[in-house]
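Values in this document were obtained by computation on a predicted structure and should not be read as measured data. Just so you know, ligand 1 is whichever comes first in the structure, and atom 1 is the first atom listed for that ligand.
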Amino acid sequence: MNIRLFKPSVGKEELGELQHVFDRQWLGLGPTVSKFETEWSRYINVNESVGVNSATAALHLALTAFNFPKGKKVLVPAITFVSTASAVIYNDLEPIFVDVNEDTASISISDLEKKYTKDCVAIIPVHNGGYPASMEKIIEFARINNLKVIEDCAHCAGGDYNGKKLGTWGDIGCFSFEEKKCMTTGDGGMISSDDSELISPLRAHRWIGIDKDTWRRNMSNNDDRNSDPMHWHYEISVLGYKYNMNDIAAAIGLAQLKKLDSMNEARRKIIEKYLVGIKNLNHIKPIFPYSLDSNEAYWFFGIRTQMRDELIVYLNSKGIANGVHFYPIPLHPYFKKYDNGCDISKKIWKEFITLPSHVDLTDEEIQYVLEHLSKFEKKNF
Ligand SMILES: *Cc1c(COP(=O)(O)O)cnc(C)c1O
């Protein structure tokens with residue numbers, strides 16, 4: 001057996017949407033991006049969404065929207081993907097790492113209270129692995145301390161928390177459509193908010209600073225192309241980036257969005273099988289307290305074990321791909337200068353293993369993984 005860890009699930013629906021883009025012969029930032037933005041906004045129930053080429057770009061621009069003074073501080077969990085922290089530094093701000101709870105690997109409210117100072121301007125909670133951060137408490141803490149809240153929803157596209165979509169609890173939600181995430185556009189990301197005035201200006205920031213996109217210019221030209229000598233004109237009033245989503249990615253996104261609920265459901269079913277399968281093991285435990293009766297969107301199934309490295313080598317020898325999510329950010333050489341403790345993060349990551357969790361995983365493959373987890377435990381503990 002050779003079982004992949006992550007795998008996008010794409011097929012004829014995506015090819016069908018791509019055919020429309022090919023028929024139109026407009027591949028860049030255009031009408032398909034607009035359509036995907038509108039459908040995404042409707043799906044998560046927000047007023048405005050801006051499509052970009054990654055969640056890294058989304059997080060960068062989401063912070064840019066607030067125009068914080070240089071050197072201010074932004075609270076981020078110690079256990080996350082590097083982009084959550086990089087986005088802070090891109091904006092000339094300073095990341096302040098917040099430790100996680102031992103049992104959930106999710107941002108700790110008590111450490112948040114400890115790390116907060118009056119120089120903090122924002123917090124970026126991460127719904128790590130799709131396990132929702134305690135949003136009521138975070139929103140309350142942010143309100144009292146005048147912090148902006150940007151949710152990093154790279155792991156939970158389509159997920160609910162207490163009946164409200166993740167990404168709509170804070171001021172801005174940022175999503176990833178990278179190929180391994182809950183849904184994909186190849187590479188891609190989305191910035192979503194109820195506050196249109198806050199994020200509409202980011203349309204220029206994502207498009208090298210141009211305040212009208214080429215598609216709209218092209219369309220308006222069709223009416224008065226012959227009489228308007230300024231039809232080519234646009235103005236740059238902000239320093240922008242080449243961060244736009246394109247119509248090829250958006251076409252894949254339109255098809256993936258239709259499947260998102262069923263893909264999230266498929267992942268919950270896979271996780272349920274894993275949970276049943278490891279229930280009687282004593283030394284291999286789920287990474288989070290997964291709750292499967294809600295509409296949560298989990299990106300992966302992870303476990304914890306004291307013999308982590310031995311189990312990784314064993315899984316490798318059996319053709320079972322695996323990973324570790326995540327090595328705490330303050331341990332990376334570049335981020336050492338921001339290290340401020342976070343002892344729980346630095347302890348618990350050593351027990352993490354991510355197991356194959358993609359939606360097309362077969363029952364046979366899941367049983368094969370479970371069989372080897374049991375064998376490993378019998379032999380080693
Ligand atoms: C994957 C990921 C990102 C970045 O997503 P890209 O679309 O690859 O840029 C940001 N935050 C977290 C937590 C992630 O896992």
Side-chain angles (χ1 to χ4, degrees), residues 5-8 33 36 40 49-64 74-91 95 97-98 100 104-107 122-133 135 138 149-159 166-167 170 172-192 202 205-206 241-246 248-250 252-253 256-257 260 267 287-288 297-302 323-330 332 335 345 349 352 354 357-358:
L5 180 57
F6 297 116
K7 188 182 73 63
V33 172
F36 181 45
W40 178 259
S49 294
V50 179
V52 287
N53 58 12
S54 70
T56 306
L59 289 161
H60 178 174
L61 295 188
L63 278 166
T64 301
V74 178
L75 298 145
V76 298
I79 290 193
T80 179
F81 184 66
V82 63
S83 300
T84 321
S86 307
V88 176
I89 299 172
Y90 296 157
N91 281 279
F97 290 109
V98 181
V100 299
T104 62
S106 179
I107 199 161
I123 175 167
I124 312 182
V126 178
H127 308 297
N128 186 26
Y131 186 86
M135 289 313 293
I138 290 168
V149 180
I150 296 167
E151 291 178 73
D152 182 337
C153 297
H155 301 173
C156 59
L166 291 169
I172 300 180
C174 294
F175 296 85
S176 176
F177 306 132
E178 195 262 352
E179 74 149 2
K180 296 185 283 305
K181 302 293 172 66
C182 295
M183 64 167 267
T184 187
T185 60
D187 266 311
M190 195 67 87
I191 306 166
S192 294
L202 301 180
H205 285 87
R206 70 153 178 205
Y241 302 86
K242 188 66 167 61
Y243 276 177
N244 62 285
M245 181 176 276
N246 65 46
I248 297 175
I252 299 171
Q256 286 271 293
L257 179 54
L260 180 56
R267 267 185 294 261
I287 196 167
F288 316 121
Y298 294 109
W299 174 42
F300 64 71
F301 181 69
V324 172
H325 297 87
F326 292 94
Y327 185 60
I329 306 293
H332 287 284
F335 288 93
S345 302
W349 80 274
F352 292 176
T354 305
S357 322
H358 59 80

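F6 and H325 have their aromatic ring centers within a separation under 6.0 angstrom.
Contact atoms of ligand 1 toward T80: 13 (C) (distance under 4.0 Å to a heavy atom of the residue). Residue contact check: G188 has heavy atoms under 4.0 Å from atoms 7 (O) of ligand 1. Every atom of ligand 1 is numbered from 1 in the order shown, and the set under 4.0 Å from a heavy atom of S83 is 4 (C), 10 (C).
Note: no N/O pair closer than 3.5 Å links W299 and ligand 1 by distance alone. Where the criterion is an N or O separation shorter than 3.5 Å, residue side chain and backbone included, K181 meets it with respect to ligand 1.
Of the heavy atoms in A55, both backbone and side-chain atoms come closer than 4.0 Å to ligand 1. Both the backbone and the side chain of S54 come within 4.0 Å of ligand 1, judged by heavy-atom distances.
Here the closest non-hydrogen pair linking E179 and T184 is CA-OG1, 3.1 Å.
Proximity of a side-chain donor or acceptor of W40 to a complementary backbone N or O of G253 within less than 3.5 Å is not detected. Between the side chain of S83 and the backbone N or O of S86, no donor-acceptor pair lies under 3.5 Å.
What sits closest to atom 3 (C) of ligand 1 on the protein, heavy atoms only, is F81 CD2, 3.5 Å.
Of all the listed residues (I124, T56, L59), T56 holds the heavy atom that lies closest to atom 4 (C) of ligand 1. Taking all heavy atoms of E178, H155, H60, H127 into account, the minimum distance to atom 15 (O) of ligand 1 is reached by H155. Considering D152, D187, T185 only, the shortest heavy-atom separation from atom 10 (C) of ligand 1 involves D152.
Within the 4.5 Å cutoff, the side chain of P77 has no heavy atoms near those of the F97 side chain. L59 is not listed as a side-chain neighbour of Y90, based on a closest heavy-atom distance of 4.5 Å or more.
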Please lay out, stage by stage, how W349 and Y327 fare under the test ring pair (Phe, Tyr, Trp, His ring centres under 6.0 Å).
-> CA-CA 6 Å; W349 80 274; Y327 185 60; 4.9 Å; yes

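N128 and T80 are not linked by any side-chain donor-acceptor pair at a separation below 3.5 angstrom, with hydrogens and angles left out of the test.
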